[in-house]
Number of protein chains: 2
Amino acid sequence: MTKRSADPANGSAPAARQVPMRDFSRSLPMSLLRAREAVMRQFRPSLREHGLTEQQWRILRALAAIEAAEVTELARTAFLLGPSLSRILRDLEARNLIERRTAKADQRRSMVSISKEGVKLMASVAPTSEAIYAEITRRFGARKLAELQEMLGELEQSLAGLGSADETIAEG
Amino acid sequence: MTKRSADPANGSAPAARQVPMRDFSRSLPMSLLRAREAVMRQFRPSLREHGLTEQQWRILRALAAIEAAEVTELARTAFLLGPSLSRILRDLEARNLIERRTAKADQRRSMVSISKEGVKLMASVAPTSEAIYAEITRRFGARKLAELQEMLGELEQSLAGLGSADETIAEG
DNA sequence: GGGAGATGCTTAACATGTTAAGTGAATGCG
DNA sequence: CGCATTCACTTAACATGTTAAGCATCTCCC
């Protein structure tokens, strides 16, 4: 019955060993990783009960909102890389949760849409999902949640156009 | 020579279709995911040049700071699951970047430590890594960065002890 | 002191992340 | 028209995330 949650922030640090570099557990990537994990830990069990992974759920949600989309557009929306999406779509199609047909104008493109079964599955998951989201909002505070999302967006903006070295054009 | 980076934030959204549920791209998990990806995108190329993945780098950093640690302790510090860590340690050991020896008192435990080679590798990566971190801090703002980390920590705290259903005891 | 259960770690199995290469279709340009 | 290039997507290969088993070892309690 011991609790299994991570909890790396107990006060039992072993004396003041001269810190070699910025305490690595307080780095930005780690903070983001832990925060996201804390959030996703809430959702995963429910999704799992319905036989969905987090990414599959993302795809269904995205599709439910836009009716039909090309694969590339869907990748951008669901924030998945092409190869991952390709595999997941293959599986979702095998489970009849989505449908796809190649575009007439351009044989390379394929249009993906959610199926009736997919909609039904979504309907069965959404209530729990929304309840969890509501509970998170209640615990953390709606105001603070909005602030956090605002800052996350700004962080993204700050880093946009860094690290590619070929988008130094057309910045106005 | 075409740019291959994801870049999901171009302004070509297809008109204002009536939003069915909270715009899924603005959900908390997505915000966290995108923010983290934006950050990690900066570090990955440098790590890759040195033949390290993000997780391997996390482990080396953690080890460099604490001399030696048991596997479980290391998993907690580097925020990795046991199986992942087990695999990575096997590889790092094969590359002579870490060393391990079983504890005398308890044959189950094994103590892991960074090797001389590991230290050397870290020394060759750290400068670039620090420079990138500094640039991120400069772009986003040191004050805001601290605020963000504070909020992320609070979010973690808010959700601690939710979703396990067996830690409802000893809450005081 | 011996066996049931807990513990520390590893292996297995499946799904995704990440990068590179492959494939078929569309385009541009001579 | 022909052909190199680009484009949309898929496959491949390797590394990690996630959950469940497996395997020693250790602990506790009788």
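Throughout, a chain's letter reflects where its sequence line sits, starting with A, and its residues are numbered from 1. Values below: all heavy atoms of this structure, side chains included; hydrogens, waters and symmetry mates excluded.
For B:Ser110, whose side chain is taken as the heavy atoms from C-beta onward, the closest listed nucleotide among C:dG17, D:dT10, C:dC9 is C:dC9. Residue B:Arg87 places its side chain closer to D:dT16 than to any other of D:dT16, C:dT11, C:dT16. Here the nucleotide nearest the side chain of A:Asp106, chosen from D:dT18, C:dA26, D:dT19, is C:dA26.
Of the residues near DNA chain C, A:Lys104 and A:Gly82, the one whose nearest nucleotide (by heavy atom distance) lies more toward the 5' end is A:Gly82. A residue-by-residue look at A:Thr72 and A:Leu33 shows that A:Thr72 has its nearest nucleotide of DNA chain D further toward the 5' end. Place B:Pro83 and A:Thr53 on DNA chain C by their nearest nucleotides, and B:Pro83 ends up nearer the 5' end. In terms of position along DNA chain D, the nucleotide closest to A:Met111 lies nearer the 5' end than the nucleotide closest to the other residue of the pair B:Arg58 and A:Met111.
Under 4.0 Å is where a charged nitrogen must lie from a carboxylate oxygen, and between B:Glu156 and A:Arg41 no such pair does. Using a 4.0 Å cut-off between a side-chain N of Lys or Arg and a carboxylate O of Asp or Glu, A:Arg139 and A:Glu135 qualify as a salt bridge. For B:Arg44 and B:Glu37, the salt-bridge test passes: some basic side-chain N is under 4.0 Å from an acidic carboxylate O.
For the OP1/OP2 pair of D:dT16 and a distance below 4.0 Å, the side-chain nitrogens and oxygens of B:Gln56 include at least one atom meeting the criterion. When the side-chain nitrogen and oxygen atoms of B:Ser86 are compared with OP1 and OP2 of C:dC9, none of them lie within a distance under 4.0 Å. Listed pair A:Gln107 / D:dC9 fails the phosphate criterion, with no side-chain N or O lying under 4.0 Å from OP1 or OP2. Side-chain nitrogen and oxygen atoms of B:Arg100 include at least one within less than 4.0 Å of the OP1 or OP2 phosphate oxygen of C:dT10.
Per the geometry, CZ belonging to B:Arg48 stands 16 Å off P belonging to D:dA13, to the nearest Å. Distance CZ (B:Phe79) to P (D:dT16): 17 Å, rounded to an integer number of Å. Spacing between atom CG of A:Leu80 and atom P of C:dA15 amounts to 15 Å, rounded to whole angstrom units. Atom CG of A:Leu85 is separated from atom P of C:dA15 by 16 Å (rounded to the nearest Å). The separation between A:Ile59 atom CD1 and C:dA15 atom P is 13 Å, rounded to whole Å. For B:Ile98 and C:dC9, the CD1 to P distance is 13 Å, given to the nearest whole Å. Whole-Å rounding puts the A:Arg90 CZ to D:dT10 P distance at 10 Å. Regarding A:Leu81, its CG atom lies at a distance of 14 Å from the C1' atom of D:dT16, rounded to whole Å.
Among the protein residues, A:Glu37 comes within range of the sugar-phosphate backbone only, with heavy atoms under 4.0 Å from sugar or phosphate atoms but none that close to a base. Residue-level contact check: A:Ile88 touches the backbone only, with heavy atoms under 4.0 Å from sugar-phosphate atoms and none from bases. Nucleic acid contact class of B:Arg44 (heavy atoms, under 4.0 Å, all strands): sugar-phosphate only.
Around atom NZ of A:Lys120, no more than 12 heavy atoms belonging to other residues, nucleotides or ligands sit under 6.0 Å away.
Taking only distance into account, the side chain of A:Arg108 meets the base of D:dC7 through a donor-acceptor pair shorter than 3.5 Å.
Using a 4.5 Å cut-off on side-chain heavy atoms (C-beta onward), A:Ile59 and A:Leu97 make no contact. The side-chain heavy atoms of A:Gln56 and A:Leu121, taken from C-beta on, include no pair separated by under 4.5 Å.
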